[in-house]
Every structure is written in C-alpha cells, then in structure tokens.
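FYI, side chains are in, hydrogens and waters are out, and symmetry mates aren't considered; it's all heavy atoms of this structure.
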Amino acid sequence: MQKSKKVALALVVSAAFVGSSAVLAAGRLKPAGVAVAVARSGLTVTPDRAWNKGARPGRLSESWTLDGLSINELTFYGGIADNTTLFREVSKSERPLPRFSKTMLIPDIVQLFESSYRVALSSALFTVETIEPAPFAGTDGFRFTYNFAVGDEVKRKGEARGAIIGGKLYMVTYEAPRIHYYDRDYASFVKIAESARVAAVKKK
C-alpha cells in the first residue's frame with residue numbers, strides 16, 4: 001500500500017495519528033450527566049464529564065476525546081451486524097477487513113478486533129494482554145486489554161468492553177499513550193462503559 005493511502009486510512013480509523021486541534025474545533029460537546037445515543041444506534045452512555053465528539057471510523061461507530069484523539073480516545077461501536085466490518089473498507093480487493101459473525105465467542109471477537117487493526121492500519125504492532133468475561137449493558141459480555149503502535153508513533157494502551165446483544169456487537173474502547181495519559185483518564189472510561197445501555201433490542 002502506498003504511503004498516501006496508509007495516511008488516509010489511519011485518519012479514518014483513528015484520528016490519534018493526526019493533529020488534535022482540528023478535531024476539537026469541529027467536534028460537538030457531549031455534556032456530563034446526560035445520557036446520549038452514540039454510533040447511530042440504540043447504544044446510550046452517560047458521560048461523567050464533557051467530551052468532544054471527533055472522528056467516525058465506521059458507519060456505526062464514533063470517537064470522542066477530552067484533549068485530542070492523540071491523548072485520549074473513546075470509540076463506540078453500535079450494533080455491528082452479522083457479516084459486516086468494524087471500520088470502513090479502504091481497499092476491499094487488496095486488503096479486505098474481517099467481518100463480524102453473530103456466532104462469535106469472546107476469543108473470536110478479540111481476534112476480529114486485532115485483525116481489523118492490523119489490516120486497517122497496515123503496519124500496526126498489536127498485542128493482546130488480557131481477556132475475560134465481564135458484564136456490559138446489563139448482559140453477559142467481555143473485557144480485553146491491548147497495546148498497539150503504528151510506525152514510529154508512541155505506544156498506546158487500550159481496553160475494550162462489549163457484548164453481543166440481539167445478534168449484534170456493541171462495544172466501547174478506550175485508548176491513550178501508555179505513559180501517564182492512559183491512567184489519567186481511565187476512571188472516566190470505566191464510568192462511561194458501566195453506564196452503557198442498549199434500547200429497543202431483544203436480548204438473546
């Protein structure tokens with residue numbers, strides 16, 4: 001893949017790899033204490049503080065930030081349906097993204113997420129640290145932690161929490177540089193993830 005294509009793809013998938021000032025200027029403020037629907041879906045969360053809406057890496061996903069996506073980034077995946085991707089396809093013929101299946105188990109979802117990052121970011125270095133069952137949106141779900149980097153970018157740490165509800169994948173991820181920033185805003189992520197609810201969906 002040509003360098004220009006890599007840059008464009010990284011911009012779509014994670015604005016952590018571009019300047020944050022433009023994102024903050026264009027973003028809409030999400031006020032604290034107010035439940036809000038995210039990712040064009042029935043997934044709602046209640047922020048514990050004001051966050052700015054940033055990029056939209058996929059049709060049913062959106063990212064938020066406090067200080068710029070290079071410092072802290074929340075991404076919501078709202079109702080990823082069977083046989084669809086987490087991100088927008090950029091080179092479907094040359095580097096097709098893996099697709100979600102409603103029959104996936106927790107390890108399969110982790111593999112889907114890792115493979116999506118490796119494909120979408122081309123040269124991403126990605127390692128999974130922990131995987132475990134965990135409640136999400138009032139149902140049985142999962143939690144996993146990971147580390148990744150793209151090219152010479154700073155190493156970033158992340159955590160994902162989610163569940164398959166009504167045959168669709170709902171998930172919240174948090175990512176930040178491993179040194180200082182990840183720990184600084186982690187508690188806010190936890191509160192938001194624990195506030196998650198999915199409306200008008202029959203749980204299976």
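For the 3.5 Å distance criterion, the side chains of S63 and E73 qualify, holding a donor opposite an acceptor. In this model, no donor atom of one side chain and acceptor atom of the other lie less than 3.5 Å apart for Y182 and E175.
Note that the CD1 atom of I109 and the CG atom of L169 stand 5.5 Å from one another [nearest 0.5 Å]. Between the CZ atom in R88 and the CZ atom in R59 there is a gap of 10.0 Å [rounded to 0.5 Å]. Note that CH2 of W51 is 5.0 Å distant from CD1 of I192, once rounded to the nearest 0.5 Å. Separating the CZ atom in R197 from the CD atom in E194 is a distance of 9.5 Å, to the nearest 0.5 Å. Taken from CE in M104 to CD1 in I80, the straight-line distance is 11.5 Å, to the nearest 0.5 Å.
Of all the heavy atoms in R56 and K53, the pair that sits closest is NH2-NZ, 3.0 Å. The nearest pair of heavy atoms linking S116 to F87 is CB-CE1, 3.8 Å. Taking each heavy atom of A160 and T173 in turn, the nearest pair found is CB-CG2, 3.6 Å. For the pair S101 and D82, the tightest heavy-atom approach, listed with the atom from each and the gap, is CA-OD1, 3.2 Å. A163 and T139 get closest at one heavy-atom pair: CB-CG2, 3.8 Å. Of all heavy-atom pairs between R118 and R95, the closest is O-NH2, 3.3 Å.
Atom OH of Y181 has 12 or fewer neighbouring heavy atoms from other residues, nucleotides or ligands inside a 6.0 Å radius. Within a 6.0 Å radius of CZ in R99, more than 12 heavy atoms belonging to other residues, nucleotides or ligands are found. Counting non-hydrogen atoms of other residues, nucleotides and ligands closer than 6.0 Å to CG of D140 gives a total of 12 or fewer. Around CZ of R178, the count of heavy atoms belonging to other residues, nucleotides or ligands within 6.0 Å does not exceed 12.
Side-chain atoms of E159 never come within 3.5 Å of backbone atoms of T145 as a donor-acceptor pair (strictly under, hydrogens ignored). Within the 3.5 Å criterion, the main-chain N or O of S70 finds a donor-acceptor partner in the side chain of R156. With hydrogens and angles disregarded, a donor-acceptor distance shorter than 3.5 Å links the side chain of S115 to the backbone of Q111. For the pair S195 (side chain) and T46 (backbone), a donor-acceptor distance under 3.5 Å is present.
With respect to the salt-bridge test (charged N to carboxylate O, under 4.0 angstrom), the residues K157 and D183 do not qualify.
Proximity of F136 to F142: side-chain heavy atoms (C-beta onward) are nowhere separated by under 4.5 Å. Using a 4.5 Å heavy-atom threshold, the side chains of R184 and D67 count as touching. Two residues are said to be in side-chain contact when any heavy atoms from C-beta on lie closer than 4.5 Å; V38 and W64 meet this criterion.
Under a hydrophobic clustering in which Ile, Leu, Val, Met, Phe, Trp and Tyr are joined whenever their side-chain heavy atoms come within less than 4.5 Å, directly or via other members, L105 and Y77 fall into different clusters. Following chains of ILVMFWY side-chain contacts shorter than 4.5 Å, one can reach V190 starting from F76, so the two form part of one hydrophobic cluster.
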* Show the numbers, then the answer: is there a side chain to side chain contact (heavy atoms under 4.5 Å, CB included) between L66 and D185? => CA-CA 9 Å; L66 289 170; D185 300 309; 3.7 Å; yes

* Decide yes or no on side chain to side chain contact (heavy atoms under 4.5 Å, CB included) for Y146 and E129, but give the supporting numbers first. => CA-CA 5 Å; Y146 55 95; E129 289 189 331; 6.0 Å; no

* To do: Decide side chain to side chain contact (heavy atoms under 4.5 Å, CB included) for I164 and F100; before the verdict, give the C-alpha distance in whole Å, the side-chain angles of both, and the deciding distance to 0.1 Å.
  => CA-CA 10 Å; I164 296 177; F100 167 71; 3.8 Å; yes

* Given L86 and L60, is the side chain to side chain contact (heavy atoms under 4.5 Å, CB included) satisfied, shown in steps? -> CA-CA 8 Å; L86 296 181; L60 293 176; over 6 Å; no

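Between F148 and Y117, the distance separating the two ring centers is shorter than 6.0 angstrom.
Not counting sequence neighbours, the partners of D48 by the side chain to side chain donor-acceptor pair (under 3.5 Å) test are S188.
Using bins of under 30°, 30° to 60° and over 60° for the plane-to-plane angle, the ring pair F113/F144 lands in the perpendicular bin.
T65 pairs in a side chain to side chain donor-acceptor pair (under 3.5 Å) with only one of the listed residues (N72, N52, T75), which is N72.
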